Amino acid sequence: MRIVILDKADEAARFTADILIKKIQSKPDAVLGLATGSTMLPVYRELINAHRNSELSFAAVSTFNLDEYLGFAPDHPQSYRQFMKSRLFDLIDIDQSNTFVPRGDAKDPLQECRDYDRLIEEKGGIDIQLLGIGRNGHIGFNEPGSGFMSRTRIKTLAPATLEDNARFFGDNEFRPHLSITMGIGTILSARKVVLLASGEGKADAVRAAVEGPLTASCPGSALQLHANAVIVVDEAGAGKLEHGAFYKYAEAENRKLLESPGKA
Ligand code: F6R
């Protein structure tokens with residue numbers, strides 16, 4: 001894993017956005033895996049700015065979101081489809097018919113899950129999968145206990161997730177407790193995965209994912225199995241890493257190598 005520790009959350013978001021921007025520049029029809037959640041907002045702002053200021057075009061890009069609340073139609077104000085529309089899709093030149101989010105209102109949700117995995121394959125697989133991480137180590141809505149080989153399926157939200165997501169819902173509003181989520185196996189099939197985490201509240205999850213044992217108790221630890229995983233964290237999120245100083249040194253060396261490969 002490449003572990004990149006940056007001082008501030010906005011630098012970490014910019015670094016993450018740059019990875020996506022470079023991919024789109026080198027492969028205009030890139031297939032991106034996207035996430036929702038507050039950590040992603042500054043990343044999406046960077047992508048929107050790149051579109052406006054440097055005319056980065058998303059016209060040929062396809063996207064697959066990690067998850068959606070089961071039961072929510074795409075036009076539900078709290079659906080992840082609406083999150084993506086208002087935070088990114090409506091603000092760039094993407095062809096919305098190339099943006100995929102599981103249908104929470106599918107008549108046959110199990111078939112929807114199978115179709116979602118098939119569609120990803122038909123599009124040639126995901127070039128870069130963007131990920132956040134929950135306080136409990138979840139990626140997508142793969143809560144503790146999720147199998148590392150799992151594909152897109154229905155998952156029950158863990159109590160910690162319900163608590164964390166309560167902030168997005170009004171007092172008397174219905175709060176979904178089920179989701180359709182890409183599986184960990186689906187995520188690991190992406191050619192590259194980039195996990196972004198920021199803030200002290202994520203420090204335990206980051207430590208468990210990066211340095212802990214491979215365990216279903218921390219779904220993020222599955223990323224240790226990926227051959228091309230980048231973990232981007234701010235200082236606060238990196239605060240509990242045992243080998244944080246080493247990762248910074250290794251990353252500095254890595255950059256020297258990338259800048260002048262001949263000198264190695
Ligand atoms: C949402 C998703 C989740 C979030 C995670 C962190 O699509 O995949 O795994 O990435 O819950 O959420 P925030 O960024 O709000 O802390």
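Just follow the structure's listing: the first ligand is 1, and inside any ligand the first atom is 1. Being a predicted model, the structure only gives us computed values, none of them experimental.
Residues I133 and A205 approach most closely at CD1-O, 3.9 Å, considering heavy atoms.
At a heavy-atom cutoff of 4.0 Å, ligand 1 is contacted by both the backbone and the side chain of T39. Contact annotation: for I133 versus ligand 1, heavy atoms closer than 4.0 Å belong to the backbone alone. Neither the backbone nor the side chain of M40 has any atom closer than 4.0 Å to an atom of ligand 1 (non-hydrogen atoms only).
Nearest protein neighbour of atom 11 (O) of ligand 1, counting heavy atoms only, is H138 NE2, 2.7 Å. Counting protein heavy atoms only, atom 2 (C) of ligand 1 is closest to D67 OD2, 3.5 Å. Scanning the protein heavy atoms around atom 10 (O) of ligand 1, the nearest turns out to be G132 CA, 3.4 Å. In terms of protein heavy atoms, atom 16 (O) of ligand 1 is closest to K202 NZ, 2.6 Å. Of the protein's non-hydrogen atoms, the one nearest atom 9 (O) of ligand 1 is G140 O, 2.8 Å.
Residue R135 places no heavy atom under 4.0 Å from ligand 1. At least one heavy atom of R167 lies less than 4.0 angstrom from ligand 1.
Polar contact with ligand 1: present for T36 (N/O pair, distance under 3.5 Å). Inclusion of L131 in the set of residues having an N or O under 3.5 Å from an N or O of ligand 1 is not warranted.
Within the structure, the salt bridge (charged side-chain N to carboxylate O under 4.0 Å, His left out) test picks out no pair touching residues 169-180 (sequence neighbours left out).
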I'd like to know whether L41 forms a side chain to side chain contact (heavy atoms under 4.5 Å, CB included) with F83, so could you lay out the CA-CA distance, the side-chain angles of the two residues, the decisive distance to 0.1 Å, and finally the verdict. CA-CA 10 Å; L41 294 176; F83 177 103; 3.6 Å; yes
Give the C-alpha distance, both sets of side-chain angles, the deciding distance and a yes or no for side-chain hydrogen bond (donor to acceptor under 3.5 Å, both in side chains) between Y116 and E68. CA-CA 12 Å; Y116 204 66; E68 179 59 281; over 6 Å; no
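No side-chain donor-acceptor contact under 3.5 Å links E112 to the backbone of P102.
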Kindly list each side-chain donor-acceptor pair under 3.5 angstrom involving residues 4-25, sequence neighbours excluded, with atom names and distances?
residue, atom, partner, partner atom, Å
E11, OE2, K8, N, 3.3
T16, OG1, A12, O, 2.8

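Classified by interplanar angle (parallel below 30°, tilted 30° to 60°, perpendicular above 60°), the ring pair H51/F58 is perpendicular. The aromatic rings of F169 and Y69 sit perpendicular, their planes meeting at an angle over 60°, well past the 30° parallel limit.
With ligand atoms numbered from 1 in the order given, ligand 1 contributes 8 (O) to contacts under 4.0 Å with heavy atoms of L66.
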